Number of protein chains: 2
Amino acid sequence: MTASRTARERVRAELTKEITDIARRQLATEGAGGLSLRAVAREMGMVSSAIYRYFPSRDDLLTALIIDSYNALGEAVERAEAAVPRDDHLARWLAACGAVRDWGVAHPHEYALIYGSPVPGYQAPQDTVTARVRDVAVLGRIMSEAWQAGALRPAEEEAPPELEQEVVNFRPLMPGVPDNVIWRVITGWTGLYGWVSFEVFGQFNNTIEDRGTAFGHTMRLAAGTIGLTR
Amino acid sequence: MTASRTARERVRAELTKEITDIARRQLATEGAGGLSLRAVAREMGMVSSAIYRYFPSRDDLLTALIIDSYNALGEAVERAEAAVPRDDHLARWLAACGAVRDWGVAHPHEYALIYGSPVPGYQAPQDTVTARVRDVAVLGRIMSEAWQAGALRPAEEEAPPELEQEVVNFRPLMPGVPDNVIWRVITGWTGLYGWVSFEVFGQFNNTIEDRGTAFGHTMRLAAGTIGLTR
DNA sequence: TGCTCGTCAAGAGCAGTGCTCTCGTTTTTT
DNA sequence: AAAAAACGAGAGCACTGCTCTTGACGAGCA
């Protein structure tokens, strides 16, 4: 009986996947604003209302794409970082940062979907939270291990005590490390995405041309300032 | 004859201003995606096609709003920075950063318009370039004067020579200062907007609650790492 | 003063969107 | 075999940006 039920559910899963695939391709070429349920349906040879059997609204389709994008980015970061020798914490950090940039430049519309302006209302945060922290988890792990290895420069400034509560959501990612390390991760994390967002969203147009080299220098600079040394 | 022509042009200018005002209000409440020419026309008691006498397309209206937003943000930054004693470079820097954050939090949709995902096609970059650099000009001026006053910590790392060409567009804003200062400005600049974008776009939801205090700490940390000391 | 000519608002209309509802058909469940 | 659920198709609603045409008004020239 599972087989018979699976018969229907299998074609359902296949169609669902086909919808998201076509939608992802449209998203990559047209951008989030140009994603059209009717166009997806047209390309599938379906009628537009049939799509609603699989995604109750356009936002739900977008949410699925958002989760996919988070996972794709997170996987790229994890893979790039895993290819670096464990004891070279600076190189691991730079590899992770470079992976974020490379992925963002290669998939600007997907990047805009997850790090740009929130599209319409809000996306469900609960569904995405597991996929969303993969990148910062990598960054946190690098800094944790650097700290445990004694490879981290001592903190120049301690966080004020009233901020102890604020990093509570980061502690599970970096168990045992002092708060000042967490704050340095946050600083590097936000700085990384500040650069990548500027680059992907065109803020460097006609301003910085060789962005790859400039990015590398800036990240090396920033890594040094949060305590990662060669 | 100028008077009679001005009579016509004056009402034209007034209507243009009324359109942008209503559009800005719609933008503030609905977001860029919800800005509708027809709704603007409806609120003015006009018919939708009449709007096209004043703005040839929706994107042109958006471009006008973009320039307005750049100027509003730039002015907020300039004003906040001007209120701080000249010789306290760190306080000036933090005031400028705080102004960016305050403005972004207070006007999230306008902020998204200029620092979020680029909306549809592209906006005209030439018209906006003068308004667009007001914030970074302030940041650059602070660091320049700090350097000239000898209040800047010496650089830890020099930029590689192949990057000399990349900062050519920043030199007019910071005449006479060495490249490493410019790179530190760029690092602080991108880091600042990285934080603000994360905060405005909801990346800190359910993660960091007292964002004002956390922002202050992070900016103080980052200011220290680019050489601004108390 | 009278006559053009450019500017303007209005209206109809086109193509497109997200989404809803209904109606047969097919598949699964009972 | 009968009841229930899932499904695709189609029509339709309200909305969008945008174009084209029509008619009125006012400014400049003869």
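Since the model is a prediction, treat every value here as computed from it, not as a measurement. A note on names: the letters A, B, ... follow the listed sequences, proteins ahead of strands, and every chain is numbered from 1.
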If the plane angle is over 60° it's perpendicular, under 30° parallel, otherwise tilted; pick one for B:F215 and B:W195.
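B:F215 and B:W195: tilted rings.
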
Over 60° means perpendicular and under 30° means parallel, so classify the ring planes of B:Y193 and B:W189, tilted if in between.
perpendicular

Classify A:Y54 by what it touches in the nucleic acid, base, sugar-phosphate, or nothing, heavy-atom distance under 4.0 Å.
sugar-phosphate

Quick one: label B:L15 by what it contacts on the DNA or RNA (base, sugar-phosphate, nothing), any heavy atom closer than 4.0 Å.
sugar-phosphate

Protein heavy-atom contacts under 4.0 Å, written 5' to 3' over nucleotides 11-21 of chain C as B (base), S (sugar-phosphate only) or - (none), form the string B-B---BBBBB

Measure from [atom1] on [X] to [atom2] on [N] and round the result to the nearest Å.
| X | N | atom1 | atom2 | answer |
| --- | --- | --- | --- | --- |
| A:R10 | D:dC7 | CZ | C1' | 18 Å |
| A:R8 | D:dA5 | CZ | C1' | 7 Å |
| A:M44 | D:dG8 | CE | P | 8 Å |

Check whether any side-chain N or O of B:R12 sits under 4.0 Å from OP1 or OP2 of C:dC8, and answer yes or no.
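True: B:R12 side-chain N/O within range (under 4.0 Å) of C:dC8 OP1/OP2.
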
Worked check of side-chain hydrogen bond (donor to acceptor under 3.5 Å, both in side chains) between A:D60 and A:T63:
CA-CA 5 Å; A:D60 290 270; A:T63 300; 5.5 Å; no

With a 4.5 Å limit on heavy-atom distance, are the side chains of A:M143 and A:V177 in contact?
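A:M143 does not reach A:V177 side chain to side chain.
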
Using a 3.5 Å distance criterion without hydrogens, assess whether the side chain of B:S197 forms a donor-acceptor pair with backbone atoms of B:G194.
no

Decide whether a cation-pi geometry holds between A:R211 and A:F204; the criteria are a distance under 6.0 Å from NZ or CZ to the six-membered ring centre and an angle within 45° of the ring axis.
no

